[in-house]
Amino acid sequence: MNKTTTKSANIDIRKKFNINPSTVQLISIVLFIVIMSIFFSIMTNRFFTSANILNIVRQVTVISMLAFGMTFVILVGGIDLSVGSIVGSSALFAALINLSTGSLLLTILGAILSGTVVGIVNGIIISKLKIPDIIATLSMMSIIRGAVLVYTQATPLYGFKDNYLSLGQGYLGFMPIPIIIMGLVLIVCLGLLRLTKFGSHVFAVGGNREVARLSGINVDLIRIIVYAISGSTAALGGVILAARTAAAVPTAGQGYEMDAITAVVLGGTDIVGGRGSLLGTFLGMLVIGILSNGLILIGVDSYVITILKGVILLAAIAISVRRK
């Protein structure tokens, strides 16, 4: 049986059983997670415990925030390399506001606003000045990171109020508050993407930007909004990270953008836009979290894990491009 016959047979099976390709992708990721979990459970008895499972989910909360926003950006065919720096800058804003006012509400809103503004600026530069996404956000990444380092002189800020620290370290019942926040953000983003006209416009712009424009969609506005969403979710990640570590570290979030992109592409979102799933993004983030946690437990060097993440990203993009 040649490749063409095999491909036709696969398509016929999907049509016969009414299987959506996105569903197949999600099932594949779930199976991969199960296989990894079984493997690490065999390798070490410290992996499959309730405490460790909860720890894995808690560890991926911050980057999941970035990945949710990144999903919107990649769906329209863009990329945002500034999200890691936004984590650091929003953590700084949260620290400054909390230390000066002690208000939890002002701390959260002020930090998120700072990230949203950066996202809007990114969107305007990209859509109005026609600067490529990768160049604009790479430049913004450098500008923000440098500004934070200059302002703080590379010195972390400490001494937050207890009400703020509970945001990253507290529990609601048996569930860590960061996980609850992550779940709420996922639900809001899912609703925004799947139940609103804006969400359908996001898919349309990613599928074919010119056709979307001719259909009456304000493509520039959609692109500005998705970058604003990316900036706001990254900022919320920075707020949680600073509360969890009880410090606003100037280098916080460094390299997080790569994990976020990996999770999005691994979750089935096409790197060129137009097709994707937020649930897939979350599952992709779990793959990274389980892989990192399991490898550390069995004694693999953290530098090796970094290499593996790069390999996974490259493989996921190659599969995405081939599928497209």
Side-chain angles (χ1 to χ4, degrees), residues 33 47-72 83-84 86-116 156-192 229-249 252-254 256 259-260 263 278-279 281-290 292-293 296:
I33 289 174
F47 177 80
F48 202 69
T49 64
S50 58
N52 189 54
I53 298 302
L54 203 61
N55 184 48
I56 291 172
V57 181
R58 181 163 46 193
Q59 285 177 340
V60 302
T61 52
V62 174
I63 301 180
S64 291
M65 300 293 183
L66 278 67
F68 295 154
M70 186 72 74
T71 302
F72 284 87
V83 289
I86 292 175
V87 168
S89 64
S90 63
L92 173 62
F93 271 97
L96 293 174
I97 295 172
N98 188 255
L99 291 173
S100 60
T101 69
S103 169
L104 179 60
L105 181 61
L106 287 177
T107 298
I108 296 172
L109 292 180
I112 292 177
L113 179 61
S114 70
T116 305
L157 299 181
Y158 303 95
F160 307 144
K161 308 300 181 183
D162 289 340
N163 62 350
Y164 177 44
L165 293 177
S166 65
L167 199 66
Q169 303 174 12
Y171 286 78
L172 193 59
F174 71 93
M175 188 66 67
I177 291 177
I179 295 179
I180 295 173
I181 295 173
M182 180 186 67
L184 292 174
V185 173
L186 176 57
I187 291 171
V188 170
C189 288
L190 277 170
L192 189 61
I229 292 172
S230 180
S232 62
T233 56
L236 182 55
V239 170
I240 294 173
L241 180 63
R244 194 177 73 190
T245 59
V249 182
Q254 201 161 26
Y256 280 17
D259 282 349
L278 277 163
L279 286 177
T281 294
F282 177 66
L283 290 174
M285 196 66 255
L286 281 182
V287 169
I288 296 173
I290 291 171
S292 300
N293 179 271
I296 289 172

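Treat the numbers as computed from the prediction; the structure is a model and nothing was measured.
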For N52, side-chain hydrogen bond (donor to acceptor under 3.5 Å, both in side chains) partners two or more places apart
N293
Give, for atom CG of L278 and atom CG of L283, the distance between the pair rounded to the nearest 0.5 Å.
11.0 Å
Considering only distance and modelled atom types, tabulate donor-acceptor pairs under 3.5 Å from the side chains of residues 184-191, sequence neighbours left out.
none

If we ignore hydrogens and angles and just use 3.5 Å, is the side chain of Y164 paired with the main-chain N or O of V239 as donor and acceptor?
yes
Determine yes or no for a side-chain-to-main-chain donor-acceptor pair under 3.5 angstrom, with S232 supplying the side chain and I229 the backbone.
yes
What are the two closest heavy atoms between G168 and A243, and how far apart are they?
N-CB, 3.5 Å
Check: I63 and I288 side chains under 4.5 Å, non-hydrogen atoms
no
Looking at side-chain heavy atoms only, is the closest gap between F72 and L192 below 4.5 Å?
yes
Minimum-distance pair of heavy atoms, taken over all atoms of L157 and A95:
CD1-CB, 3.9 Å
Of all heavy-atom pairs linking Y158 and A247, the shortest is CE2-CB, 3.5 Å
Identify each donor-acceptor pair in which a side-chain atom of residues 96-105 lies under 3.5 Å from a protein atom, sequence neighbours left out, and give them as a table.
| residue | atom | partner | partner atom | Å |
| --- | --- | --- | --- | --- |
| N98 | OD1 | K161 | N | 2.9 |
| N98 | ND2 | T107 | OG1 | 3.4 |
| S100 | OG | L96 | O | 2.8 |
| S100 | OG | I97 | O | 3.1 |
| T101 | OG1 | I97 | O | 2.7 |
| T101 | OG1 | S103 | N | 3.2 |
| S103 | OG | L106 | N | 3.2 |

Heavy atoms from other residues, nucleotides or ligands near CZ of F93 exceed 12 (cutoff 6.0 Å):
no
Please answer whether the main-chain N or O of G84 pairs with a side-chain N or O of Q254 as donor and acceptor at a distance below 3.5 Å.
no
For V87 and A234 the tightest heavy-atom approach is CG2-O, 3.6 Å
Least distance between heavy atoms, L241 atom then A252 atom:
CD2-CB, 3.9 Å
Out of curiosity, L54 CG to I179 CD1, how far, rounded to the nearest 0.5 Å?
4.5 Å
Can you tell me how far the CD1 atom of I181 sits from the CG atom of L167, to the nearest 0.5 Å?
4.0 Å
Taking all atoms of both residues into account, what is the closest heavy-atom pair of F160 and A246, and its distance?
CE1-C, 3.6 Å
Once you round to the nearest 0.5 Å, how far does CD1 of I53 lie from CD1 of I290?
6.5 Å
Would you say the side-chain atoms of R244 pair up with the backbone N or O of P178, donor to acceptor, closer than 3.5 Å?
no
Rounded to the nearest 0.5 angstrom, the OG-CG distance for S90 and L236 is 8.5 Å
From CE (M285) to CE (M65), nearest 0.5 Å:
12.0 Å
